[in-house]
**Student:** 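This structure is in structure tokens; I'll ask about it shortly.
In this text the structure is predicted, and so the values were computed from the model without any measurement.
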2 protein chains.
Amino acid sequence: MTRKSTTDAGGRHTIRDVAAHAGVSASTVSRVLGGEYPVSTTTRTRVMRAVRDLDYVADARAKAIAGAGTPTLAFVLDDITGPSFAHMAHGVEREATRLGHLCLVCSTDGDAEHQLEFIEMMRAQRAAAVILVGGATDTAEYRERMARIADSLASAGSRLVLCGRPPLAPGTPVTVIEYDNEGGAYALCAHVLAQGHRRVLFLGGLADNTTAQGRESGYLAAHRARGLDPDPALRLYGDFTRDSGHRLMRQALAQGLEFTAVMASTDMVASGALTALHEAGLRVPADVSLAGYDDIPFARDLHPPLTTVHVPYEELGRLAVRTALGRTPDAPNEHLLLGTHVVVRDSVAAPGGGAR
Amino acid sequence: MTRKSTTDAGGRHTIRDVAAHAGVSASTVSRVLGGEYPVSTTTRTRVMRAVRDLDYVADARAKAIAGAGTPTLAFVLDDITGPSFAHMAHGVEREATRLGHLCLVCSTDGDAEHQLEFIEMMRAQRAAAVILVGGATDTAEYRERMARIADSLASAGSRLVLCGRPPLAPGTPVTVIEYDNEGGAYALCAHVLAQGHRRVLFLGGLADNTTAQGRESGYLAAHRARGLDPDPALRLYGDFTRDSGHRLMRQALAQGLEFTAVMASTDMVASGALTALHEAGLRVPADVSLAGYDDIPFARDLHPPLTTVHVPYEELGRLAVRTALGRTPDAPNEHLLLGTHVVVRDSVAAPGGGAR
DNA sequence: ATGAAAGCGCTAACAT
DNA sequence: ATGTTAGCGCTTTCAT
């Protein structure tokens, strides 16, 4: 079988096969499929029939390279398994497809190298935008690296969007959308303090993660605003998982740390901590108060329902793609800061009976 | 500026720009970048320098069309927001990148049309495999539609993988990987029954969803195996969300349904149900026992820790990718059934004090 | 070891 | 309204 009629076993039909089958030229097929062009009705029908017969689907890569094609959008996160990331991904995904974009999702497991690789891949795919989400380590190296990526992307007609990450130097072609970690944590901690607590344990995330740091700053600031000086021994670090919360809490209990409330950097962390508390026979909030952060759907099913800070993750995802795609009249360098609000449920109360 | 030196403002450099910059031919650049070909060291260095200078990244689409290129893999699910799906996605994603594949993820929000559209897109992308996950409605139309897709994909050299979905007619070029919903539910329900419960409320999912049906079948079968005839009034239907569980449970309570245990079709559902139970002042498991399904990480943080069925979702995702990519010596039509096991925690006990 | 040329599957002028 | 001819950015013969 010659390499002309592509109707070979592989079954991968080309536009020329369809053309031959319909007795027209390839361009005509292209035009019929494209839709935007006048074609006689009879030809159109014949072509469509051929398409159906051959079960033809145009190669998207070829289209893309030839100028047409569905634009692509990349979403890079640390771990799709975290509820808050999943919700953002959902928002991104929905908005992207609503806008007719294909959407690549990649979890990097928090590995910076892997992340870099993936971004490079996206650049190779000529993605319309790359959305990077999740706290980072805010070092000079980080800023430099990100700036380079932003420039590369920009010069290729693409755009970098940072979500929940530290902004870069002004002038860098980047869009950053942050949610106010410090503000949320401040408000939450203020609420806890207002109940009368004076020793509140902070269960942090990775020490150098900006999201974790923001929340810690809020915790600190709230204390200082009341003229309080939080005991450094009351700050423990792990990551954002449920297991980390569980482990940290056990550890705190084992060390005999004294506190009447605990503020977790994440609902997941709070969830694990809660179990550790229960395991130790402590009642929440009677014996110790507990607060989380993120307001994942689950938070209200904890016992007691968790007081936490609501972050509009899904909306955030949607916003990210909208601004990334320039659906919003944007300045070259955009910086949005989304507000959050505390959701008061039952896990925080005044320090009561069995204070430790 | 003529359309020859692509070094225009757009910045999108082509291989020819690099070639020019390095004073060699495009083929040479290609060879250097490809690696698999002998090139003089001096040339190689010059080319690499040009690449660096221009910040050049080869267009993946062009590569793909020309025969090289990273293969792509598509993962289609209903909702990335569901923990079990997220874990599968994680597995898929990890294994795919481990195997050097790009991975497209798409949530269809349970919309069959949208799902179809997306599959078509993936065919256009010439994806190496399409993994479809999540229960479906098992009708003749479903089987027919899926078979058509499987054939299309196969004839394009791609492959369809069904995960947690009903198998198709033998001979269809499809791989299906199921986890044993019925078996798991049977074992779980047997456990509940063994505690002495006789009226156990079943909180289902979408009535026509095969996953939900499988779990219901297990529930039914476990009863029958004991010579019990479960009261049909004890089966309520909603979906797999936390809210559904909450609503259904309230409803059951409001109607004054009598039961001493409840078996939810999902941990999420169980979670919502638990809250409804608490809100009604009922204690678990003292007043009523509760069991879930999926064993999401959260399950152990519920109060009491939830007895449930473990499903190896992440492993499932990895397996799907592996078999899809034929890393497993596979028969043309493969059908795997993964086992599950019940995880006994504290939410199920013998019917006790305040039976309703 | 390197260049020239052909081709991948498609679209977009440019002709009729 | 339709066919012809160039590309798009890359790889891969086929020469040299």
**Student:** For the pair made of CZ in Arg12(A) and P in dG9(C), what is the distance, rounded to whole Å?
**Tutor:** 9 Å
**Student:** Kindly say whether, by distance alone, the side chain of Arg31(B) makes a donor-acceptor pair under 3.5 Å with the base of dG3(C)?
**Tutor:** yes
**Student:** Can you measure Arg123(B) atom CZ to dG9(C) atom C1' for me and round it to whole angstrom units?
**Tutor:** 15 Å
**Student:** Nearest whole Å is fine: how far is dG9(C) P from Asp59(B) CG?
**Tutor:**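 Result: 17 Å.
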**Student:** Among dC8(D), dG3(C), dG7(C), which nucleotide sits nearest the side chain of Ser25(B)?
**Tutor:** dG3(C)
**Student:** Figure out the CD1/P separation between Ile65(A) and dG9(D), and round it to whole Å.
**Tutor:** 7 Å
**Student:** Is there a side-chain contact between Arg123(B) and Asp55(A) in this structure, where contact means two heavy atoms from C-beta onward sitting under 4.5 Å apart?
**Tutor:** yes
**Student:** Which nucleotide in the list dC10(D), dC10(C), dT4(D) gets nearest to the side chain of Ala58(A)?
**Tutor:**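 For the Ala58(A) side chain, the nearest candidate turns out to be dC10(C).
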**Student:** Determine: side-chain N/O of Thr14(B) to OP1/OP2 of dG9(D), distance under 4.0 Å, yes or no.
**Tutor:**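 No, no such contact exists.
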**Student:** Answer yes or no: is there a side-chain heavy-atom contact under 4.5 Å between Leu132(B) and Arg165(B)?
**Tutor:** yes
**Student:** Keeping the roles fixed (side chain from Asp109(B), backbone from Asp111(B)), state whether a donor-acceptor pair exists under 3.5 Å.
**Tutor:** no
**Student:** Tyr56(A) side chain: which of dA1(C), dC10(C), dG7(C) is closest?
**Tutor:** dC10(C)
**Student:** Looking at dT12(D), I'd like to know if its phosphate oxygens (OP1 or OP2) sit under 4.0 Å from a side-chain N or O belonging to Ser27(B).
**Tutor:**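 For Ser27(B), the contact criterion (side-chain N or O under 4.0 Å from OP1 or OP2 of dT12(D)) is not met.
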**Student:** Could you state the atom-to-atom distance from CZ of Arg16(B) to P of dG3(C) in whole Å?
**Tutor:**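 It is 14 Å, rounded to the nearest whole Å.
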**Student:** From C-beta outward on Lys63(B), which listed nucleotide comes closest to its side chain: dC10(C), dG3(C), dC10(D)?
**Tutor:**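 In terms of side-chain proximity for Lys63(B), the closest of dC10(C), dG3(C), dC10(D) is dC10(D).
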**Student:** Does a side-chain heavy-atom distance below 4.5 Å link Met122(A) with Leu102(B)?
**Tutor:** yes
**Student:** Hey, which of these two, Thr43(B) or Gly67(B), hits DNA chain C nearer its 5' end, going by closest nucleotide?
**Tutor:** Thr43(B)
**Student:** Is any side-chain heavy atom of Val105(A) less than 4.5 Å from a side-chain heavy atom of Glu93(B)?
**Tutor:**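 Side-chain contact under 4.5 Å: no.
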**Student:** Whole Å only: how far is the CD atom of Gln125(B) from the P atom of dC10(C)?
**Tutor:**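 Result: 13 Å.
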**Student:** On a plain distance test, is the side chain of Ser30(B) in donor-acceptor contact with the base of dT12(D) below 3.5 Å?
**Tutor:** no
**Student:** Is Thr28(B) close enough to dG3(C) that one of its side-chain N or O atoms is under 4.0 Å from OP1 or OP2 there?
**Tutor:** yes
**Student:** Which is more 5' along DNA chain C, the nucleotide nearest Tyr37(A) or the one nearest Leu33(A)? Just name the residue.
**Tutor:** Leu33(A)
**Student:** Ile15(B) side chain: which of dC10(D), dC14(C), dT2(C) is closest?
**Tutor:**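 Nearest nucleotide to the side chain: dC10(D).
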